[in-house]
Amino acid sequence: MIRIDLHVHTLYSGDSNISPKMLIEQLNINPTVKAVAITDHDTIEGYRHVKKLAEAYEGLLVIPGVEVSTFEGHINVLGVEEMPKYPLSAEELIDFARERQAVVVIPHPYRVCGLGDNAKRLDVDAIETLNYRASKAENKLAERLARELNLPGVAGTDAHRPNQLFKVYTEVDADPDVNSILKAIRNGAVRIGSLKGYHV
Ligand SMILES: [Zn+2]
Ligand SMILES: [Zn+2]
């Protein structure tokens with residue numbers, strides 16, 4: 001089992017002040033979370049830097065990803081190291097992801113920039129049912145959506161500030177490698193979790 005923060009922004013997002021170096025240092029000293037998916041807004045530049053820095057440490061895992069702004073709202077794609085062509089619709093992005101065997105997660109469906117009920121007509125792998133920056137009510141609606149669609153629920157902080165990192169995480173029953181983790185998410189071998197003191 002591995003605990004992963006599946007939704008993190010670095011300063012390459014433009015609206016986050018988390019540097020790749022700070023992110024890796026925080027991950028290294030965190031006793032619980034040892035893996036992170038980099039999901040910057042519309043770029044994978046941050047992932048490349050984080051991945052390179054992680055190589056100097058033992059036991060840290062970095063999953064490539066991106067939070068893509070589609071016409072309908074934000075969609076997280078995990079397991080890609082290239083960008084789609086913009087502008088694009090949610091369906092076009094999902095086709096792009098499917099061609100690359102990537103995992104598609106709907107982040108914060110009921111927060112601003114979320115897909116809302118548009119998610120119901122899309123072929124996705126998981127719903128982010130616990131977003132640290134969303135309200136409890138928004139996360140509850142996301143949970144309901146996951147149940148209705150019979151999809152796994154995952155957690156991510158959506159951190160844009162260092163003190164938001166790793167407060168919530170996804171427990172994945174997988175070996176510590178990217179392909180095994182992506183497969184486990186697709187199969188629903190996941191559970192959401194949070195640090196003591198943060199009530200889901
Ligand atoms: Zn977003
Ligand atoms: Zn985000």
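Both counts, for ligands and for their atoms, begin at 1 and track the order of listing.
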Separation between OG1 (Thr70) and CD1 (Ile94), nearest 0.5 Å, reads 8.0 Å

Within 45° cone and under 6.0 Å: Arg100 NZ/CZ vs Phe96 ring: yes

Near the Zn ion (ligand 1), is there an N/O/S atom from Glu67 that is less than 2.8 Å away? yes

Can you tell which of Leu78, Val105, Asp158 makes a side chain to side chain contact (heavy atoms under 4.5 Å, CB included) with Thr39? Leu78

If you look at Asp158, which of its N/O/S atoms is nearest to the Zn ion (ligand 2)? OD1

Looking only at the aromatic ring of each residue, does the gap between the centers of His41 and His160 stay below 6.0 angstrom? yes

Angle subtended at the Zn ion (ligand 1) by ND1 of His74 and NE2 of His108, nearest 10°: 110°

From His41, does some N, O or S atom reach closer than 2.8 Å to the Zn ion (ligand 2)? no

Over all heavy atoms of both residues, which pair between Leu122 and Ala90 is shortest? Give the atoms and the distance, please. CD1-CB, 3.7 Å

Need one value: angle at the Zn ion (ligand 2), His9 atom NE2 versus His7 atom NE2, rounded to 10 degrees. 110°

